[in-house]
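Below is one structure, written out as structure tokens, with a few remarks after it.
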Amino acid sequence: MDEFEVEVEIPSDFLCPISFQLMRDPVTVSTGITYDRQNIEHWLFSCNNNTCPVTKQPLIDQDLILTPNHTLRRLIQSWCTFNASYGIERIPTPKSPIDKSQILKLLKEVKNTPNSQLKCLQNLKTIASQSERNKQCLEAAGTVQFLAFLVKNRTDSMAVTEAAVDLLFLLVIKSSHTLLKHLVTNDSSTDIVDSLVSVLKCGNQQSRANAVVLLKSILDLVDPIRIMSIGSQLFKEVVSVLRDGISQQASKASLKLLMEICPWGRNRIKAVEGGAVSVLIEILLDAPEKRVCELTLVVLDQLCSCAEGRAELLRHGAGMAVVSKKILRVSHVASDRAVRILSSVCRFSATCRVLQEMLQVGIVAKLCLVLQVENSLKTKEKAKEILKLHSRVWKSSKCIPSHLVSSYPSS
């Protein structure tokens, strides 16, 4: 059944309950067709359509006004009352939808009455969560810009800052870059990044999760020069979000954030100093789902391109073993990144102890196996390069199973 149609199914004997889907708030668009408000708003605002579903005629901005069809609504209510004996409940008279003037009034209260800021922000969040239309109404009233100002200027109350971050997340996280650009103007991006880092440090779990997702989206738009100057505190707090495992979304956003900013300047070292390597290893030990595992190995590969990162990997008792374990078990992407990590270690940090550990925990045998099974050419070439590099130490070792010795490449 089309989601815009009304279906009323009345049994012939009138003894069974009526199965139906009724309009609860009928509204009419400029083409003259009436729809249920919830369905047409989903069509227009959530699905980003600009046509009338029935006539297919385009609707321009001024045509998107949804006029309540009071006559039809009263008829539906009367029908419900008439059929009450069959268990039909009368639909309530819908409230008038929120408009821009009401939003502006609430924003004015937030600005002018500090004591009620939290309550007003909670009211705005409730309004935003009700529908996509309400979100667009909030955006049109300048709510995003006001929230950005509120977050950047850090009120004395962390609860107010948390509420502002939560509402900001709700409004911009699935929006176009246009809204996000309000948060990263040249003179204010540092302020809002610092403020979000303070929420990561002191906020509640939900606000920390929202703040790290916002940070990732904001830093995607920031000039690389600014990314190179990011302070160490950001890395420490993002790693803390990963360590706490607040949510899948927060973990993925944290990993993607690190993946985007670590290649710039000294950011790899800042991440290592913030404890990233040990946390990434612990994530791998917990057998995460495929995408989290891939992202974790990508970030770990970036960190192991510097001496400090490799040293932390080798210092962790399970570091090398867990990286090897992910080869051929997750995906081609994970295998490739894991082999790259081992390559970095073998090329730049291959002490006698390290080479012996790689034999003992089965890493050398795993690399031989990579050459035997179906895998990407790039991964096979990297594995072959590692084995050739240390063939004098490894090739004749009894730690390599006999059925894999034949795969060992000649020097």
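The analysis underlying the following values was restricted to heavy atoms, covering all of them including side chains, and did not include hydrogens, waters or symmetry mates.
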Show which side-chain atoms of residues 360-372 pair as donor or acceptor with protein atoms under 3.5 Å away, not counting sequence neighbours.
residue : atom : partner : partner atom : Å
Lys366  : NZ   : Ser324  : O            : 2.9
Lys366  : NZ   : Ile327  : O            : 3.2
Gln372  : NE2  : His403  : O            : 3.2
Gln372  : NE2  : Ser407  : OG           : 2.5

Item to check | With Ala350 via side-chain contact (heavy atoms from CB on, under 4.5 Å) - residues at least two apart | outcome: Leu355, His390
Next on the checklist: Between Val197 and Val238, is the side chain to side chain contact (heavy atoms under 4.5 Å, CB included) condition met? List the steps.
Outcome noted: CA-CA 8 Å; Val197 170; Val238 171; over 6 Å; no
Checklist entry - Could you walk me through whether Val373 and Leu328 pass the side chain to side chain contact (heavy atoms under 4.5 Å, CB included) check? => result CA-CA 9 Å; Val373 302; Leu328 304 179; 3.7 Å; yes
Checklist outcome for this item: Rounding to 0.5 Å, atoms CE (Met320) and OG (Ser349) come to a distance of 9.0 Å
Next on the checklist: Using every non-hydrogen atom in the two residues, find where Leu147 and Leu121 come nearest and quote the distance to one decimal.
Outcome noted: CD2-CD2, 3.7 Å
Checklist entry - Has the side chain of Tyr408 got a donor or acceptor atom that lies under 3.5 Å from a matching backbone atom of Leu387? => result yes
Next on the checklist: Using 0.5 Å steps for rounding, measure from the CD1 atom of Ile88 to the OG1 atom of Thr81.
Outcome noted: 11.0 Å
Checklist entry - Does Thr51 have any side-chain contact (heavy atoms from CB on, under 4.5 Å) partners at least two apart in sequence or in another chain, and if so, which? => result Trp43
Checklist entry - Between Arg133 and Glu41, is the closest basic N to carboxylate O distance under 4.0 Å? => result yes
Item to check | Residue among Gln77, His70, Arg74 satisfying side chain to side chain donor-acceptor pair (under 3.5 Å) with Thr93 | outcome: Gln77
Which pairs of donor and acceptor atoms, one on a side chain in residues 286-296, lie under 3.5 Å apart (sequence neighbours left out)?
residue : atom : partner : partner atom : Å
Glu289  : OE1  : Arg291  : N            : 3.2
Glu289  : OE2  : Lys252  : NZ           : 3.2
Glu289  : OE2  : Val292  : N            : 3.4
Arg291  : NH1  : Glu294  : OE1          : 3.3
Glu294  : OE2  : Ser331  : OG           : 2.6
Thr296  : OG1  : Val292  : O            : 2.7

Checklist entry - Under 4.5 Å between any side-chain heavy atoms of Val54 and Thr31, yes or no? => result no
Checklist entry - Would Lys388 and Glu385 pass as an ion pair if we require N to O under 4.0 Å? => result no
Checklist entry - Backbone N or O of Thr34 within a donor-acceptor pair of the Asn69 side chain at under 3.5 Å? => result no
Checklist entry - What pairs of residues pass the salt bridge (charged side-chain N to carboxylate O under 4.0 Å, His left out) test when at least one of them lies in residues 204-218, not counting sequence neighbours? => result Arg208-Asp244, Lys216-Asp220
Next on the checklist: Using side-chain heavy atoms (C-beta onward) and a distance below 4.5 Å, is Cys346 in contact with Met358?
Outcome noted: yes
Next on the checklist: Between Leu234 and Leu215, does the side chain to side chain contact (heavy atoms under 4.5 Å, CB included) criterion hold? Intermediate values first, please.
Outcome noted: CA-CA 10 Å; Leu234 180 145; Leu215 267 174; 4.3 Å; yes
Checklist entry - With sequence neighbours excluded, what pairs up with Asp25 under the salt bridge (charged side-chain N to carboxylate O under 4.0 Å, His left out) test? => result Arg37
Checklist entry - Side chains of Ser335 and Thr379: donor-acceptor distance under 3.5 Å anywhere? => result no
Checklist entry - Do you know the tightest heavy-atom contact between Val212 and Ala250? => result CG1-O, 3.8 Å
Checklist entry - Which residues satisfy the side-chain contact (heavy atoms from CB on, under 4.5 Å) test with Val322, sequence neighbours excluded? => result Ile281, Leu284, Leu285, Lys326
Checklist entry - Do Glu139 and Lys135 sit within salt-bridge range, that is, some charged N less than 4.0 Å from a carboxylate O? => result no
Next on the checklist: Give me the atom names and distance for the closest heavy-atom approach of Ala163 to Leu118.
Outcome noted: CB-CD1, 3.8 Å
Item to check | Partners meeting salt bridge (charged side-chain N to carboxylate O under 4.0 Å, His left out) with Arg340 (sequence neighbours left out) | outcome: Asp301
Checklist outcome for this item: Asp166 meets the side-chain contact (heavy atoms from CB on, under 4.5 Å) criterion, sequence neighbours left out, with Lys125, Ser207, Asn210
Item to check | ring pair (Phe, Tyr, Trp, His ring centres under 6.0 Å) partners of His316, counting only residues at least two apart | outcome: none
Item to check | Nearest-0.5 Å distance that lies between atom SG in Cys120 and atom NZ in Lys105 | outcome: 10.5 Å
Next on the checklist: So Thr143 and Ile103, do their side chains get closer than 4.5 Å, heavy atoms only?
Outcome noted: yes
Checklist outcome for this item: What one should report as the nearest heavy-atom pair of Asn134 and Ala128 is CB-CA, 4.5 Å
Item to check | Check: Gln302 side chain, Met259 main-chain N or O, donor-acceptor pair, under 3.5 Å | outcome: yes
Checklist entry - What pairs meet the salt bridge (charged side-chain N to carboxylate O under 4.0 Å, His left out) rule with one or both residues in residues 270-279, with sequence neighbours excluded? => result none
Next on the checklist: Quiz question: by atom type and distance under 3.5 Å, do the side chains of Ser251 and Ser254 form a donor-acceptor pair?
Outcome noted: no
Checklist entry - Taking side chain as C-beta onward, heavy atoms only, is Cys304 less than 4.5 Å from Leu313? => result yes
Next on the checklist: If you define the side chain from C-beta out and look only at heavy atoms, does anything of Ser305 sit under 4.5 Å from Arg268?
Outcome noted: yes
Next on the checklist: Whether the side chain of Gln102 engages the backbone of Asp99 through a donor-acceptor N/O pair (distance < 3.5 Å, no angle test) should be reported.
Outcome noted: yes
Checklist entry - If you look at every heavy atom in Leu303 and Cys262, which pair is closest and at what distance? => result CD2-SG, 3.9 Å
Item to check | Flag side-chain contact, heavy atom, 4.5 Å: Leu219 against Ile230 | outcome: yes
Checklist entry - How many angstroms lie between CG in Leu59 and CG in Asn49, if you round to the nearest 0.5 Å? => result 10.0 Å
Next on the checklist: Suppose we screen for salt bridge (charged side-chain N to carboxylate O under 4.0 Å, His left out). Which residues come up paired with Arg310, at least two apart in sequence or across chains?
Outcome noted: none
Checklist entry - Nearest 0.5 Å, what's the CG-CD distance between Leu171 and Gln136? => result 11.0 Å
Checklist entry - Where is the tightest heavy-atom contact between Leu107 and Gly142, given as atom of each residue plus distance? => result CD1-C, 4.5 Å
Checklist entry - Rounded to the nearest 0.5 Å, what separation is found between the CD atom of Glu132 and the CD atom of Gln38? => result 12.0 Å
Checklist entry - Counting N and O atoms only, with roles assigned by atom type, does the side chain of Asn267 sit under 3.5 Å from a partner on the main chain of Trp264, one being a donor and the other an acceptor? => result yes
Item to check | Heavy-atom side-chain contact between Leu300 and Val323 under 4.5 Å | outcome: yes
Checklist entry - Do Thr161 and Leu150 come close enough that some side-chain heavy atom pair is under 4.5 Å? => result no
Next on the checklist: With side chain to side chain contact (heavy atoms under 4.5 Å, CB included) as the criterion, how do Glu109 and Lys119 come out once you've worked through the C-alpha distance, each side chain's angles and the decisive distance to 0.1 Å?
Outcome noted: CA-CA 10 Å; Glu109 287 182 36; Lys119 183 178 179 181; over 6 Å; no
